[in-house]
Structure formats: structure tokens, C-alpha cells
Asks: 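For reference, the structure I am asking about is given below.
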Amino acid sequence: YVSFTKPAAPAPTTRTGYSTGSNVNVRKSASTSAAVLTTLSRGQSFTVIGSAQNGWYQVQLSNGVKGFVSAQYVSFTKPAAPAPTTRTGY
């Protein structure tokens, strides 16, 4: 049996990424000159689609917005919660 149809391409892998900076731009395309769709706050999570291409990750936010984030602002390790501020009154 010979098949002349190409097998379906596997779906790109997805994983959870986290913003490593404050006010990180999510852009319409993988370029610093592309329009900014929204910004991410430090530690905000999002879905990363596939692997980095030319220093950019394609991402999908929880509200369904898809865009691109520079790889230098993406971490796959959940940031540690900041230490609680304790105040001692005298």
C-alpha cells in the first residue's frame, strides 16, 4: 500500500510561560517594530506555542489574544512569590 498524501503535521507543543519583566509587550508579529497588542506584568502566565523562532515566542493569553513575546522575557519556571512584608509594631 502506497500513500501519496502527506501525513498531517503534528500540532505544535504548548507549555506555560511566565513574564520575567514588568510591562512586557505582546506584539502582533515577531518584531520590535510590530504593533503592541497588550502588555504583561511580571510573573503573568501565558501559553507558549512551539519553540522560539528568531528570538521570539508565539504566545496565547488567557483571554484568547495571540501574539509574540521576545524570548528574553519568557521563563518556564514559575516565579517565586515575593516574601510577605511583616511589620512589627512597638
Side-chain angles (χ1 to χ4, degrees):
Y1 168 61
V2 177
S3 173
F4 292 101
T5 57
K6 286 176 68 175
T13 58
T14 61
R15 53 192 169 153
T16 300
Y18 301 91
S19 169
T20 62
S22 299
N23 299 316
V24 173
N25 292 325
V26 178
R27 295 187 178 270
K28 189 171 185 176
S29 62
S31 168
T32 55
S33 60
V36 175
L37 301 174
T38 188
T39 57
L40 301 171
S41 55
R42 183 181 300 276
Q44 187 172 342
S45 66
F46 45 85
T47 300
V48 175
I49 303 165
S51 55
Q53 301 289 322
N54 298 317
W56 293 83
Y57 283 106
Q58 184 177 11
V59 301
Q60 182 169 358
L61 308 183
S62 59
N63 62 3
V65 170
K66 282 188 177 180
F68 292 84
V69 174
S70 175
Q72 72 188 61
Y73 298 110
V74 177
S75 171
F76 294 102
T77 305
K78 188 172 184 173
T85 308
T86 54
R87 294 173 188 238
T88 306
Y90 292 98

Asks: Any side-chain hydrogen bond (donor to acceptor under 3.5 Å, both in side chains) pairs touching residues 10-25, not counting sequence neighbours?
Replies: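 Applying side-chain hydrogen bond (donor to acceptor under 3.5 Å, both in side chains) to every pair that reaches into residues 10-25, excluding sequence neighbours, yields nothing.
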Asks: Between R27 and T32 (side chain of the first, backbone of the second, donor and acceptor by atom type, cut-off under 3.5 Å), is there such a pair?
Replies: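 Indeed, once roles are kept as given, a pair shorter than 3.5 Å links the two residues.
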Asks: With a 4.5 Å limit on heavy-atom distance, are the side chains of V26 and L40 in contact?
Replies: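 Yes, their side chains come closer than 4.5 Å.
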Asks: To which residues is I49 joined in a hydrophobic cluster, defined by side-chain heavy-atom contacts under 4.5 Å among Ile, Leu, Val, Met, Phe, Trp and Tyr, whether direct or through other members?
Replies: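 None; I49 is a cluster of one.
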Asks: Under the side-chain contact (heavy atoms from CB on, under 4.5 Å) test, which residues partner S31, sequence neighbours left out?
Replies: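 S31 satisfies side-chain contact (heavy atoms from CB on, under 4.5 Å) with S29, S33, A34 only.
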Asks: Is there a chain of hydrophobic side chains (I, L, V, M, F, W, Y, each step under 4.5 Å between heavy atoms) that links W56 to F46?
Replies: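 Hydrophobic grouping puts W56 apart from F46.
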Asks: Going by side-chain hydrogen bond (donor to acceptor under 3.5 Å, both in side chains), name the residues that satisfy it together with Q44, two or more places apart in sequence or in a different chain.
Replies: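 Testing Q44 for side-chain hydrogen bond (donor to acceptor under 3.5 Å, both in side chains), a comparison that skips the adjacent residues, returns S41.
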Asks: Side chains of residues 62-79: which donor-acceptor partners sit under 3.5 Å, not counting sequence neighbours?
Replies:
residue	atom	partner	partner atom	Å
N63	OD1	V65	N	3.1
S75	OG	T77	N	3.1
S75	OG	T77	O	3.3

Asks: Would T38 and L61 count as a side-chain contact (heavy atoms from CB on, under 4.5 Å) here? Give the steps.
Replies: CA-CA 10 Å; T38 188; L61 308 183; 3.5 Å; yes
